[in-house]
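First comes the structure, then the notes that go with it.
Only a predicted model underlies this, so the values are computations on that prediction, with no experimental measurement involved. By convention in this document, chain letters (A, B, ...) are assigned in the order of the sequence lines, proteins followed by strands, and residues within each chain are numbered from 1.
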Amino acid sequence: MPEMQVDTSKTVEISNKKPGKPQSNFSRVLKYFLLRIVALIITVIIGVYIAILIANMGGAVDDIRKAQIREQIGMQMMGDPAFMEIPAERRRELMREMEEIEFRRLGLDTPFPIRSFIYLREALTLNLGRAERMTSDSGSRQVRLVILERLAPTMLLMVTSFLILFFGALFFALFLSRRYGSFLDKAVIALAPTSAAPAWFYGIFLILIFAAVLRVLPFGRMVTAPPPPDTFSYALSVLRHLILPVAAILSSAIFIVTYNWRTYFLIYSSDDYVEMAKAKGLTSGLIERRYVLRPTLPAIVTSFALSLITQWMGNITLELIFNWPGIGRLVFQAIGLYDSPVIIGTVVVYAYLLAITVFALDIIYAIIDPRVKVGAEEARR
Amino acid sequence: MRELLSRFKDIREYPSAIIGIVIILFLIGLALYALISIPYSEAVRLWRGAEAMWIENPRNARPIWMDWFTPASLPRTIIRDTKDDPGAKEIIPLTDELSEIIVTLSFDYQYDDFPREISLFLTAEYEDNRPFVTFLWRTPDGREYELRDQSISREDAYRISQDERLRRQLGGILPHTGLFMDPNAEQPTPLKGEYELVIEGLVFEEGADLDVRMIAYGRIHGIAGTDHRRRDISVALLWGTPVALAFGFLAAVGTTILTMIIAATGSWYRKWVDGLIQRITEVVMILPILPILVMIGTMYSRSIWVLLGAIILLGLFSAVIKIYRAMFIQVRESPFIEAARAYGASGPRIIFRYMIPRIIPMLIPQFVILIPTYVFLEATLAMLGLADPLLPTWGKVLYDAQHQGALYMGHYYWVLLPSFLLIITGLGFSMLGFALDRIFNPRLRRL
């Protein structure tokens with residue numbers, strides 16, 4: 001995985017900052033929080049704009065919008081009996097005129113540079129019009145509903161995996177750094193290259209072993225069909241279905257993440273102040289928490305952000321393999337149906353999800369690293 | 001340069017690197033073999049070929065070597081053709097015009113399982129009047145079944161396995177099972193011995209002729225088995241190798257080199273150039289690469305080379321720029337750069353002649369580790385149905401397997417073979433890369 005050597009430069013840079021005025025912890029985090037959110041909003045806007053530029057390279061977005069307006073006007077006319085009395089020739093002419101007016105009203109006749117900003121606004125607000133062929137489970141064809149409906153299963157899967165991955169890898173890495181050179185440590189080093197394969201790839205094997213051969217866990221889906229009536233057994237069923245996809249994510253990520261973090265721990269635990277703490281006779285638990293974990297966490301969070309971005313990308317295929325009813329499988333269905341509005345919509349939603357992931361980690365970063373101050377943050381930029 | 005080579009010599013101390021190199025060499029060998037034995041156009045033709053091209057292959061047959069691990073011997077495909085064996089055909093003239101053609105196709109069946117299918121392909125030569133044929137099945141213990149009689153056209157096929165009437169006649173058992181079944185056995189087992197298929201044809205014209213080809217499809221085929229469209233999977237596995245290697249290598253080269261140049265430029269010129277590059281990197285970090293590739297794949301082109309170009313472009317400002325930048329900032333301060341500046345070297349000259357060569361050794365491990373990431377990216381795209389329309393690739397085999405429910409149906413070989421190639425590619429490159437990383441980055445070496 002490309003995130004193998006993750007930059008530790010960030011911490012180094014920050015520690016080189018000029019000393020600022022002392023601030024309270026809360027206002028420090030709040031200021032940092034606001035600054036980061038503004039920066040991320042700008043980043044999302046630019047990111048979505050790039051996506052729109054790519055999408056409209058061949059005029060795809062234009063075509064979608066025009067077709068939708070045409071459909072809308074057609075429906076309107078069909079529903080109005082007054083129009084039905086007008087001769088067909090005249091009706092077609094009227095329709096064209098109405099389309100023209102609607103195009104102009106929505107600014108679709110403007111040159112692309114201006115038009116692209118109209119699309120940008122629509123995309124950012126997820127006002128993505130109607131899906132061409134897909135419907136949401138409630139029957140709506142609004143792209144926004146089609147996508148948002150799938151958000152919960154995806155979040156359930158990914159957040160569960162991320163939490164287990166983070167804490168699992170953290171304790172595992174700490175454990176290994178204590179037993180540096182042991183058999184387990186060597187095993188993790190040897191297994192780190194297996195992370196070259198994405199989660200879905202391990203998913204296939206997990207399905208093969210646990211679903212096809214052993215028949216102990218389900219092949220896929222989120223609940224059994226038909227879904228259990230009461231909440232408790234429903235939750236239990238979801239939990240059972242969650243095991244394999246989460247295990248797939250863990251098997252693809254845990255070894256590399258543990259390997260990286262263990263290396264950081266080892267680097268930091270050879271620092272002088274740790275030796276000093278040892279000399280003072282502090283317990284190893286205390287040394288770990290206070291002198292090793294604290295300075296390492298920023299580097300760990302940065303490296304974790306990169307792994308999460310990789311995992312988000314793998315999410316589409318993972319959901320496909322496990323038939324998980326989330327956004328990933330939606331993308332796959334949209335590909336099969338050539339439903340461009342939905343595909344563009346998912347690009348936007350994934351951009352949002354990635355930005356939120358980065359933001360969440362930024363906040364954790366600010367909380368755990370007392371050296372991050374807004375002033376320093378600005379000096380760095 | 002000499003230093004670089006001497007570092008490579010350290011590889012011998014890392015067994016994982018040796019294993020990695022062996023795997024990579026094996027893959028390169030396989031790729032070369034594929035390119036030489038099956039030319040590009042042939043590979044495309046074979047993989048896109050309609051069913052007619054693969055008519056002699058069974059559907060979903062396992063690889064032949066799986067037979068070695070099971071106690072029962074699994075049936076192979078049996079083909080009998082009157083064109084290859086003219087002795088099987090006997091022509092008896094009855095009148096001037098009318099003659100009888102008796103074709104006896106016999107074969108020895110010694111397998112422990114039933115064939116997957118039986119089909120007959122008939123070709124007839126005539127002017128106006130179609131020949132009339134009767135099919136007769138004779139088992140080793142002397143039972144006889146009259147399968148059917150019909151008149152046939154110039155190109156005709158009788159798919160015995162799909163004959164509903166015959167199925168009812170056999171008591172609702174599938175014909176290719178019922179015709180081979182031992183009537184005395186409690187469990188359905190095939191009766192071993194000499195089977196005969198007799199085709200009695202009446203031709204109504206002088207010079208009219210009849211040829212029959214019988215295919216009893218087996219359950220094992222080739223070194224990699226076949227898929228649901230009877231295609232030999234080994235073609236895709238072989239040809240997938242050069243495609244995967246080329247794709248992974250080109251994508252890794254493209255992104256590494258270009259990203260390195262961008263990072264060097266930024267850290268050399270500093271100020272707004274560096275700031276701009278940093279900001280772009282932050283934007284690209286939240287760009288959902290895979291959904292964007294999906295967008296390009298569905299809306300514009302599925303060609304593997306278009307997607308490769310898109311991957312390189314989107315990878316230009318990836319997060320690794322930050323790592324490179326940190327390295328370049330150190331390099332920038334070294335005395336030899338100062339010396340270059342003193343003699344008046346221009347910015348680009350310093351970047352390309354002094355800075356980039358200095359950091360290349362540190363990038364080699366990254367580069368090697370990056371290759372399988374792109375190999376898997378190609379497979380991921382293929383799994384989403386965005387594979388190259390022409391080329392056979394490993395990902396396409398996996399896609400077909402996934403869509404035909406291979407795991408659910410128990411066709412494990414179909415998933416395992418491409419997965420095996422993918423995983424050894426992944427392991428080979430990353431084992432070498434990780435070992436190189438320890439060699440070239442002394443800080444890690446200590447640990």
Q: Go through the steps to decide whether B:Ile289 and A:Trp312 satisfy the test side-chain contact (heavy atoms from CB on, under 4.5 Å), and finish with yes or no.
A: CA-CA 10 Å; B:Ile289 309 277; A:Trp312 270 121; over 6 Å; no
Show your working on side-chain contact (heavy atoms from CB on, under 4.5 Å) between A:Val213 and B:Tyr412 and close with a plain yes or no. CA-CA 10 Å; A:Val213 177; B:Tyr412 300 146; 3.9 Å; yes
Point to revise | Trace of the side-chain contact (heavy atoms from CB on, under 4.5 Å) decision for B:Leu398 with A:Ile204 | key: CA-CA 10 Å; B:Leu398 275 178; A:Ile204 291 182; 4.1 Å; yes
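Between atom CG of residue B:Leu416 and atom CZ of residue A:Phe205 there is a gap of 6.0 Å, rounded to the nearest 0.5 Å. Put simply, OG1 on A:Thr317 and CG on B:Leu381 are 8.0 Å apart, with the number rounded to the nearest 0.5 Å. Separation of atoms CD1 (A:Ile316) and CG (B:Leu384) is listed at 6.0 Å; rounding is to 0.5 Å. Between the CD1 atom in A:Ile344 and the OG1 atom in B:Thr298 there is a gap of 8.5 Å [rounded to 0.5 Å]. To the nearest 0.5 Å, the span separating OG1 on A:Thr194 from CE on B:Met431 amounts to 10.5 Å. Rounding to the nearest 0.5 Å gives a distance of 5.5 Å between CG of A:Leu320 and NE2 of B:His403.
Relative ring orientation between B:Phe376 and A:Trp200 is described as perpendicular, the plane-to-plane angle rising above 60° on a 0-90° scale split at 30° and 60°.
Both the backbone and the side chain of B:Thr380 come within contact range of chain A, judged by heavy atoms closer than 4.5 Å. Looking at A:Val358, only its side chain comes within 4.5 Å of chain B, counting heavy atoms on both sides. Using a 4.5 Å cut-off between heavy atoms, B:Tyr374 makes no contact with chain A at all. For a residue to count as touching a neighbouring chain, one of its non-hydrogen atoms must lie under 4.5 Å from one of that chain's; by this rule A:Phe359 does not touch chain B. Residue A:Leu208 touches chain B through both its backbone and its side chain, counting heavy-atom pairs closer than 4.5 Å. At a 4.5 Å heavy-atom cutoff, A:Val348 makes no contact with chain B through either its backbone or its side chain. In this structure, no portion of A:Val349 lies under 4.5 Å from any heavy atom of chain B. Of the atoms belonging to B:Ile280, not a single heavy atom falls under 4.5 Å from chain A. Contacts between B:Met299 and chain A at a heavy-atom distance below 4.5 Å involve the side chain alone, from C-beta outward. Looking at B:Leu386, the atoms closer than 4.5 Å to chain A (heavy atoms on both sides) all sit in the side chain, from C-beta outward. At a 4.5 Å heavy-atom cutoff, the contact between B:Val283 and chain A is made by backbone and side-chain atoms alike. Heavy-atom distances place both the backbone and the side chain of A:Ile321 under 4.5 Å from chain B.
Pairing each heavy atom of B:Ile423 with each of A:Phe201, the nearest pair is CD1-CE2, 3.6 Å. For the residue pair A:Tyr350 and B:Pro291, the shortest heavy atom distance occurs at CD1-CG, 3.5 Å. The two atoms that bring A:Ala51 and B:Met295 nearest to each other are O-CE, 3.2 Å, heavy atoms only. Across every non-hydrogen atom of A:Ala192 and B:Phe434, the tightest pair is CB-CE2, 3.5 Å.
The 12-atom threshold is exceeded at CZ of A:Arg329, counting heavy atoms of other residues, nucleotides or ligands nearer than 6.0 Å. When the shell of 6.0 Å around OH of A:Tyr49 is examined, it contains more than 12 heavy atoms from other residues, nucleotides or ligands. No more than 12 heavy-atom neighbours from other residues, nucleotides or ligands sit within 6.0 angstrom of OH on B:Tyr408.
When the candidates B:Val375, B:Leu377, B:Ile292 are compared by the number of heavy-atom contacts under 4.5 Å with chain A, B:Ile292 comes out ahead. Per-residue counts of heavy-atom pairs under 4.5 Å with chain A were compared for B:Ala379, B:Pro372, B:Ser16; the largest is that of B:Ala379.
Residues B:Pro288 and A:Leu354 have side chains in contact (heavy-atom distance under 4.5 Å, counting atoms from C-beta outward).
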